[in-house]
Amino acid sequence: GWVFDPDVPAASVSYRIVVDGSFVAQHTTARDSPIANARYHITGTHRYWTLLTLPAGSHTVCLDYGNLGAGTDSAQAIPESCRTVQVPAA
């Protein structure tokens with residue numbers, strides 16, 4: 001995926017991964033993002049990619065994006081950043 005802060009569009013954004021309500025990891029966007037950059041007429045590295053190893057079953061995976069400019073972090077503002085995933089048994 002990709003994310004950027006419209007207040008500071010050239011800056012990379014910190015994001016946190018929460019699985020089933022527990023913090024798992026924190027990273028910063030660091031991959032080239034030509035589609036986002038072209039679509040929104042911005043520059044910078046806004047794409048993220050993270051591999052998670054989860055046990056079999058249903059899990060809720062959420063991304064919480066850090067705020068760089070005016071406003072607040074996304075934890076409360078973007079509930080659609082959560083997805084339910086089904087991990088099959090090995």
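Checked against the 6.0 Å centroid criterion, the rings of Tyr15 and His27 qualify as a close aromatic pair.
Two residues are said to be in side-chain contact when any heavy atoms from C-beta on lie closer than 4.5 Å; Ser58 and Thr84 meet this criterion. When side chains are defined from C-beta on, Ser14 does not count as touching Tyr65, because their heavy atoms never get closer than 4.5 Å. With contacts defined as side-chain heavy-atom distances shorter than 4.5 Å, the pair Leu63/Tyr48 qualifies. Counting heavy atoms from C-beta on, the side chains of His59 and Asp20 come closer than 4.5 Å. Side-chain contact check for Gln86 versus Pro88: every heavy-atom pair is 4.5 Å or farther apart. Side-chain contact between Ile17 and Gln26 is absent, with no heavy-atom pair separated by less than 4.5 Å. Side-chain contact between Val24 and Val18 is absent, with no heavy atoms from C-beta onward closer than 4.5 Å. In this structure the side chain of Trp49 never reaches within 4.5 angstrom of the side chain of Trp2, judged on heavy atoms.
Between Ala36 and Ile42, the shortest heavy-atom contact is O-CG1, 4.0 Å. Across all non-hydrogen atoms, the minimal contact from Val61 to Leu54 is CG2-CD1, 4.2 Å.
Looking only at distances, no side-chain donor or acceptor of Asp32 sits under 3.5 Å from a matching main-chain atom of Pro34. Judged by distance alone, with hydrogens and angles left aside, the side-chain atoms of Thr29 form a donor-acceptor pair with the main-chain N or O of Thr45 at under 3.5 Å. Under the 3.5 Å distance criterion, the side-chain polar atoms of Ser33 are matched with a main-chain donor or acceptor of His46.
The environment of Ile35 atom CD1 is sparse: at most 12 non-hydrogen atoms of other residues, nucleotides or ligands sit within 6.0 angstrom.
Taking OG from Ser12 and CZ from Phe4, the interatomic distance works out to 13.0 Å, rounded to the nearest 0.5 Å.
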